[in-house]
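Below, each value reflects all heavy atoms present in this structure, side chains not excepted, and no hydrogens, waters or symmetry copies.
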Amino acid sequence: MTRLAPLSFAAHGSLGWTPTVSSVVPGQGAAVALCMDELPGFALRLPLAIQLQRGRARPVVPVRGVRAGGLPLLDEAGTWRARIVPFALRRGPFQAVRTADTETVFVDETALLPPGGAVVPLFDGPGTLAAATRDHLAALAGWQAGL
């Protein structure tokens, strides 16, 4: 279960995350969102669809339709199999939430881990995001801007 909280050094300073690809739970009409920057790469390799979300047209990879068409994008566990992976499945535990006049980065606390192994630290020091976290959040901002 997701537990979102604003990203902060006080709450998450000693924790990290593991860059992995999220699983997809294919339901009726399941689709993975794409941003405008991802369209050319995906359009050359996979069939795309346009989905209406809150009155706006959004490009998506129709997971169920593609799978039924003989191009298995998912394995039995819902793990993405294609060589190119949409950022929506690589965004990690981060989510940017826009309020009235600002954007706040939230983190799924259930996806955070103590240091060690392949865990990427969130912070280098008090109030200083680690380089990998900064890069990933910049990619998230670019992805959201392209939606």
Requested in this report: Name all pairs fulfilling the ring pair (Phe, Tyr, Trp, His ring centres under 6.0 Å) condition that reach into residues 41-62, sequence neighbours left out, sorted by first residue then second.
Outcome: none
Requested in this report: Only pairs at least two apart or in different chains count here, so list each salt bridge (charged side-chain N to carboxylate O under 4.0 Å, His left out) that has a residue in residues 50-62.
Outcome: none
Tell me which donor-acceptor pairs under 3.5 Å the side chains of residues 113-135 have, and how far apart each pair is, sequence neighbours excluded?
| from | atom 1 | to | atom 2 | distance (Å) |
| --- | --- | --- | --- | --- |
| T133 | OG1 | P121 | O | 3.2 |
| T133 | OG1 | L122 | O | 3.2 |
| R134 | NH1 | L129 | O | 2.7 |

Query raised in the report: Where is the tightest heavy-atom contact between A33 and E38, given as atom of each residue plus distance?
Result: O-OE1, 4.3 Å
**Report entry** Value rounded to 0.5 Å, distance of CG in L39 from CG in D37
**Finding:** 8.5 Å
Query raised in the report: What's in the same ILVMFWY side-chain cluster as L4, cut-off under 4.5 Å, chained through other members?
Result: V97, F106
Query raised in the report: Can you list the residues that meet the side chain to side chain contact (heavy atoms under 4.5 Å, CB included) rule with L44, with sequence neighbours excluded?
Result: none
Requested in this report: List for me each residue that meets ring-ring contact (aromatic ring centres under 6.0 Å, His included) alongside H12, sequence neighbours excluded, and say none if there are none.
Outcome: none
Query raised in the report: How would you list all residue pairs meeting salt bridge (charged side-chain N to carboxylate O under 4.0 Å, His left out) that involve residues 105-114, not counting sequence neighbours?
Result: R3-E109
Query raised in the report: Which pairs pass ring pair (Phe, Tyr, Trp, His ring centres under 6.0 Å) with one or both residues in residues 125-147, sequence neighbours excluded?
Result: W17-H136, F87-H136, F87-W143, F94-H136
**Report entry** CA sep, side-chain torsions, deciding dist, call: Q95, V105, side chain to side chain contact (heavy atoms under 4.5 Å, CB included)
**Finding:** CA-CA 6 Å; Q95 185 171 343; V105 175; over 6 Å; no
Requested in this report: List the atom of E103, the atom of A96, and the distance in Å for their closest heavy-atom pair.
Outcome: OE1-CB, 3.8 Å
Report summary line: Value for OG (S22) from CZ (R90), rounded to nearest 0.5 Å, stands at 10.5 Å
Query raised in the report: Taking all atoms of both residues into account, what is the closest heavy-atom pair of I50 and P59, and its distance?
Result: CD1-CA, 3.9 Å
Query raised in the report: Which ILVMFWY residues can you reach from V60 by hopping between side chains whose heavy atoms are under 4.5 Å apart?
Result: none
Query raised in the report: Any sub-3.5 Å donor-acceptor pair from Q144's side-chain atoms to A141's backbone N or O?
Result: no
Requested in this report: Using ring-ring contact (aromatic ring centres under 6.0 Å, His included) as the criterion, list what pairs up with W80, not counting sequence neighbours.
Outcome: none
